[in-house]
Amino acid sequence: MTDRSGVLVPRPWRRLLHRDVLAGLMFILVAGLGLWVSRDYPVGTALRMGTGYMPRLLCWLLLGLGAVIALRGLRDPHGVGDGPIQGTAWRPAILVATALMVFGLALERLGLIVAILLLIGLGALAGRNLRPAETVVAAAVLVALAWAVFIAGLGLTIPVWPEW
């Protein structure tokens, strides 16, 4: 049998080539890598969290999410799902990853507000149907929320504006 792209796929492997199965396995792989990297971090307790508490918690959540998505893909009766991932599907993934890296690099140098504006601006390029008004509202809400939580609420010493 062949999948929708015309590639010959043996019957037992057809379900493993489902998009959801592959995405779930990728999530499981990233979570496993995160758990391995954070294996020596002190975890602490819920009241006195160590440096490894949140990373490990998020990795366990990602592992569970990956398992659910992979099982959902295995249960699909069609086996192959929507076919192979098209070339245009990489554009949003690359833009979102770039936006996150730019945010991380810009936070210390350019401040919270400019870093969030860069994050939202680059992330908005990944979507095809996003209107400029929605992008501006999302940026304003995220800036206000981040300032309220991290600066006012937690008292972190993150620069708000660039210091030149």
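Computed from heavy atoms alone, side chains included, the values below leave out hydrogens, waters and symmetry copies.
Between the CG atom of Leu100 and the CG atom of Leu105 there is a distance of 11.0 Å, given to the nearest 0.5 Å. To the nearest 0.5 Å, atom OG of residue Ser38 and atom CG of residue Leu33 are 9.5 Å apart. For the atom pair CG of Leu57 and CE of Met49, the computed distance is 8.5 Å after rounding to the nearest 0.5 Å. Going from atom OG1 of Thr157 over to atom CD1 of Ile151 covers 8.0 Å, rounded to the nearest 0.5 Å. Atom CH2 in Trp161 sits 4.0 Å away from atom CD1 in Ile113 (nearest 0.5 Å). Taking CG of Leu58 as the start and CG of Leu65 as the end, the distance is 11.5 Å to the nearest 0.5 Å.
Clustering ILVMFWY residues whenever any of their side-chain heavy atoms sit less than 4.5 angstrom apart, transitively, puts Leu117 in the very cluster that holds Val96. In the hydrophobic clustering of this structure, Tyr53 groups with Leu61; members are Ile, Leu, Val, Met, Phe, Trp, Tyr whose side-chain heavy atoms approach within less than 4.5 Å, directly or through other members. Transitive grouping of hydrophobic side chains (ILVMFWY, heavy atoms separated by less than 4.5 Å) keeps Met54 and Leu156 in distinct clusters. Both Trp60 and Ile28 are part of a single hydrophobic cluster, where members link through side-chain heavy atoms under 4.5 Å apart. Under the 4.5 Å side-chain heavy-atom criterion for grouping Ile, Leu, Val, Met, Phe, Trp and Tyr, Leu63 is not connected to Leu29 through any hydrophobic cluster.
Contact detail for Gly123 and Ala99: the closest heavy-atom pair is N-CB, 3.9 Å. Here the closest heavy-atom approach between residue Ile116 and residue Ala139 is recorded as CG2-O, 4.4 Å. Here the closest non-hydrogen pair linking Arg72 and Asp20 is CZ-OD2, 3.7 Å.
Leu119 has its side chain within reach of Leu142: a pair of non-hydrogen atoms, C-beta onward, lies under 4.5 Å apart. Residues Ile69 and Phe27 are in side-chain contact: their nearest non-hydrogen atoms beyond the backbone lie under 4.5 Å apart. A heavy-atom distance below 4.5 Å is not found between the side chains of Leu107 and Val114. Two residues are said to be in side-chain contact when any heavy atoms from C-beta on lie closer than 4.5 Å; Leu118 and Phe103 fail this criterion.
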Just list the side-chain donor-acceptor pairs under 3.5 Å for residues 39-46, sequence neighbours left out, or say none.
from, atom 1, to, atom 2, distance (Å)
Arg39, NH1, Trp36, O, 2.7
Thr45, OG1, Leu47, N, 3.4
Thr45, OG1, Arg48, N, 3.1

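Screening residues 129-140 for side chain to side chain donor-acceptor pair (under 3.5 Å), with sequence neighbours left out, gives Arg131-Glu134.
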